[in-house]
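Read through the structure below, which is laid out as structure tokens, and then see the notes.
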Amino acid sequence: MKNLHFKDFFWNSDLTSTGGYDTLIQYLNDGKRTCKEVEDFMKARASIEEKYAKDLLGLSKKVCGHNEMNSLKRSLDFFKLQTEHVSLSHLQMAQSMREEAKKLEEFKEKQKEARKKIEQQMDALHKQKSSVFKKTMDSKKTYEQKCRDKEEADQNVNRNTNTNNTKHMEKLYSKAQQAKQNSEEADRLYHQNVITVGKVRDEWLKEHVKACEMFEKQAMERINFLRNTVWTHLNQLSQQCVTSDELYEEVRKSLEQCDVQEDIEHFVNLRQTGEKPPSPVTYENFYSGQRSPSVAPPSRLPPPITRRGPLPDPNDNDSIYSTVQDAGYSVIQY
């Protein structure tokens, strides 16, 4: 199938008409507007991603499992850390989107500047073409009128050939001669204007073809650039999904290392208060004087005040809940 080109389909039968050219300019202006719309869309999406990233970063700093311990503590800390990484990746994506939008803006302005010179030249040619064509048509009307005047003067001479009024005949001959000169001068001017408008037309034809070729090239570049820009935008979104999933997968791996029984045993070993339950309370009759041999007599002194033991030593091997075995792991600082 033969390719269609601007230079073959945007002409007009009327020499002074600019309909085809105007249609191309409207198409290019619509394309420029599309570039601006895509640019604004990407800037807006970048702002959304940036706000989301900042909100997510703030969320990653909130307390989550602060009182937990051992393997679940490590997993929750890692969960917050990876959430922070997700927020940073969204922030980076927002910056990348703004860079792509900037490229689109620069492309749009570059095309605008390239078209400006062509449009100015074509506008000047259109004005010249219209002016010369109008002048030619006016000279044609004058030429036709002068020819009619000559014919009328010749007819007057012919009609009065047999008259005896010599003075009147000389006057008619003089008018006929003047009409002939006027028609010849009008013919010369008309012919000269036709040649001039022909030259202007030839120049305009060449420039119109060049403009069509340049406009078609710009349209192809614009469509290709917009397609690639949107494609890159989608790749950024897809990559963000992949990055987020990879970060979340690290959290899932950490959760796989979370041992429920180990955490229970860790808590028992760290906070145990005794292995024996209290002895059963027996009944003692005040009047019988009998005392259970297995129960010591109640003390008359007030019970001693018990105090909380010393804080656990941070270097104690039992307090492993604040450390992580993985070399690449770091606990978020509050």
Side-chain angles (χ1 to χ4, degrees), residues 2-32 111-219:
K2 182 180 178 181
N3 292 332
L4 305 182
H5 299 288
F6 288 180
K7 63 182 180 180
D8 298 323
F9 295 96
F10 291 95
W11 300 100
N12 296 98
S13 57
D14 183 359
L15 183 61
T16 59
S17 175
T18 59
Y21 176 82
D22 294 339
T23 300
L24 289 177
I25 292 297
Q26 182 62 47
Y27 174 71
L28 295 178
N29 287 336
D30 290 343
K32 182 175 69 174
Q111 282 208 332
K112 178 182 176 182
E113 289 301 317
R115 278 174 46 196
K116 187 175 180 180
K117 184 178 179 180
I118 296 293
E119 290 184 40
Q120 290 175 343
Q121 183 177 1
M122 291 300 295
D123 289 343
L125 275 174
H126 289 155
K127 290 179 181 179
Q128 181 186 18
K129 177 165 59 78
S130 296
S131 175
V132 173
F133 180 78
K134 183 178 182 302
K135 187 177 180 180
T136 301
M137 293 299 101
D138 290 342
S139 65
K140 179 182 180 183
K141 290 179 181 178
T142 302
Y143 162 69
E144 291 173 346
Q145 183 60 45
K146 295 301 181 182
C147 287
R148 284 191 291 268
D149 292 344
K150 176 183 175 296
E151 288 178 354
E152 184 178 351
D154 290 340
Q155 289 174 4
N156 285 334
V157 171
N158 293 332
R159 280 196 299 266
N160 292 276
T161 302
N162 299 324
T163 186
N164 295 324
N165 192 335
T166 306
K167 216 171 185 183
H168 180 64
M169 284 302 297
E170 289 177 355
K171 187 177 181 180
L172 290 177
Y173 277 123
S174 177
K175 282 186 177 181
Q177 188 64 25
Q178 184 64 43
K180 179 181 179 183
Q181 291 176 0
N182 291 340
S183 66
E184 289 175 351
E185 177 64 18
D187 181 39
R188 186 185 66 79
L189 290 175
Y190 172 47
H191 188 262
Q192 182 179 345
N193 287 334
V194 169
I195 294 174
T196 301
V197 78
K199 292 179 179 179
V200 172
R201 175 184 175 275
D202 291 341
E203 182 182 0
W204 166 73
L205 288 176
K206 293 177 183 178
E207 294 303 321
H208 183 80
V209 170
K210 290 180 182 178
C212 287
E213 291 174 343
M214 189 264 193
F215 292 163
E216 182 176 333
K217 181 181 178 182
Q218 279 202 335

Could you go through Thr142 and Tyr190, starting from their C-alpha distance and side-chain angles, then the distance that decides it, and tell me whether this counts as side chain to side chain contact (heavy atoms under 4.5 Å, CB included)? CA-CA 8 Å; Thr142 302; Tyr190 172 47; over 6 Å; no
Main-chain N/O of Glu170 paired with Ser174 side-chain donor or acceptor, under 3.5 Å: no
Side-chain donor-acceptor contact under 3.5 Å, Asp22 with Gln26: no
Determine the minimum heavy-atom distance between Ser17 and Gly19, stating which atoms define it. OG-N, 3.3 Å
Where Ala114 and Ile118 come nearest, the two heavy atoms and their spacing: O-CG1, 4.0 Å
Sequence neighbours excluded, the answer for side-chain contact (heavy atoms from CB on, under 4.5 Å) partners of Glu216 is His5, Phe6, Met220
Atom pair OG1 (Thr23) and CG (Leu28), whose distance is rounded to the nearest 0.5 Å: 11.0 Å
How close do Ala186 and Lys146 get, heavy atom to heavy atom, and via which atoms? CB-CG, 3.8 Å
Do the side chains of Lys210 and Glu207 get close enough for a salt bridge, i.e. N-O under 4.0 angstrom? yes
Please report the interatomic distance CE(Met214) to NZ(Lys117), rounded to the nearest 0.5 Å. 10.0 Å
Which is it for Arg148 and Gln145 under the side chain to side chain contact (heavy atoms under 4.5 Å, CB included) test, yes or no, and what are the steps along the way? CA-CA 5 Å; Arg148 284 191 291 268; Gln145 183 60 45; 3.1 Å; yes
Would you kindly say whether Arg115 and Asn29 are connected by a side-chain donor-acceptor distance under 3.5 Å? yes
Is it true that Lys127 and Asp123 have a side-chain N and a carboxylate O under 4.0 angstrom from each other? no
In Å and rounded to the nearest 0.5 Å, what is the CG to OG distance from Asp149 to Ser183? 9.0 Å
Just verifying a value: how many Å separate Thr18 OG1 and Asn12 CG, rounded to the nearest 0.5 Å? 7.5 Å
Only one of Lys141, Lys135, Lys134 forms a side-chain hydrogen bond (donor to acceptor under 3.5 Å, both in side chains) with Asp138, so which one is it? Lys134
Separation between CG (Leu15) and CG (Leu205), nearest 0.5 Å, reads 8.0 Å
Let me confirm one number: the OG1-CZ distance from Thr136 to Phe133, rounded to the nearest 0.5 Å. 7.5 Å
Report the residue from Asn182, Asn193, Asp187 that forms a side-chain contact (heavy atoms from CB on, under 4.5 Å) with Tyr143. Asp187
Under 3.5 Å, which donor-acceptor pairs link side chains of residues 195-204 to any protein atom two or more places apart or in another chain?
residue, atom, partner, partner atom, Å
Thr196, OG1, Gln192, O, 3.0
Trp204, NE1, His126, NE2, 3.3

Decide side chain to side chain contact (heavy atoms under 4.5 Å, CB included) for Lys175 and Lys171; before the verdict, give the C-alpha distance in whole Å, the side-chain angles of both, and the deciding distance to 0.1 Å. CA-CA 6 Å; Lys175 282 186 177 181; Lys171 187 177 181 180; 4.2 Å; yes
Do Gln218 side-chain atoms and Gln111 backbone N/O form a donor-acceptor pair below 3.5 Å? yes
I'd like to check Phe215 versus Tyr21 (side-chain heavy atoms, cut-off strictly below 4.5 Å). Are they in contact? yes
Salt-bridge present (Lys116, Glu119; N to O < 4.0 Å): no
